[in-house]
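Working notes, beginning with the structure itself.
All values below were derived from every heavy atom in this structure, side-chain atoms included, with hydrogens, water molecules and symmetry-related copies excluded.
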Amino acid sequence: MWVFAFFDLPTETKPQRRAYARFRKDLLDDGFSMMQYSVYYRHCASHETAATHVQRMGGKVPGEGEVRFMTITDKQFSRIRTYVGRKRQAMPGTPAQLEMF
């Protein structure tokens, strides 16, 4: 599973910029990577793990602005096509799954 976070947070005042920076840092600390501005993504081993991350980050959403979370499967993620200029870029592969005994 892949979790995407799409957000539109205000940055007009100093407290709003601070809240934006804090939320972005929280996403990175939770294992999300930036795909493009205001779009972050994270790989999860299962639907349950994805739901845990969505719930955790949902609790850290600033009081102003809007954040949307979306989950997709590995197969759906592999269908993403990225173009930089006119050339297609390869998507990063699925991370190796760690097993704890």
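Atom OG of S33 is separated from atom CG of L28 by 7.5 Å, given to the nearest 0.5 angstrom. The distance from the OG1 atom of T71 to the CD atom of Q76 is 8.5 Å, given to the nearest 0.5 Å. With rounding to the nearest 0.5 Å, the separation of CZ in F6 from CD in Q36 is 8.5 Å. Note: R68 CZ to D8 CG = 9.5 Å, rounded to the nearest 0.5 Å.
Nearest heavy-atom pair across E64 and Q16 is OE1-NE2, 2.9 Å. The minimum heavy-atom distance linking C44 with A50 is given by the pair SG-CA, 3.7 Å. Of all the heavy atoms in L9 and G65, the pair that sits closest is CD2-CA, 3.9 Å. Of all the heavy atoms in G31 and R42, the pair that sits closest is O-CG, 3.5 Å.
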Would you mind writing out the side-chain donor-acceptor pairs for residues 55-62 within the sub-3.5 Å range, not counting sequence neighbours?
{"from": "R56", "atom 1": "NH1", "to": "D30", "atom 2": "OD1", "distance (Å)": "2.5"}
{"from": "R56", "atom 1": "NH1", "to": "H53", "atom 2": "ND1", "distance (Å)": "3.1"}

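Hydrophobic clustering (ILVMFWY, side-chain heavy atoms < 4.5 Å, transitive): V54 and M70 are in distinct clusters. M1 and F4 fall into different hydrophobic clusters, where Ile, Leu, Val, Met, Phe, Trp and Tyr side chains are chained together by heavy-atom contacts under 4.5 Å. Linking Ile, Leu, Val, Met, Phe, Trp and Tyr whenever their side-chain heavy atoms come within less than 4.5 Å puts I80 and V39 in one cluster. Under a hydrophobic-cluster definition in which Ile, Leu, Val, Met, Phe, Trp and Tyr are linked whenever side-chain heavy atoms come within less than 4.5 Å, directly or via other members, M34 and Y20 are assigned to the same cluster.
A donor-acceptor contact shorter than 3.5 Å links the side chain of R17 to the backbone of E12.
Y40 pairs with exactly one of F7, F23, W2, F69 by the ring pair (Phe, Tyr, Trp, His ring centres under 6.0 Å) rule, that one being F7.
At least one side-chain heavy atom of F32 sits less than 4.5 Å from a side-chain heavy atom of V3. Side-chain contact between H43 and D74: present, with at least one pair of heavy atoms (C-beta onward) separated by less than 4.5 Å.
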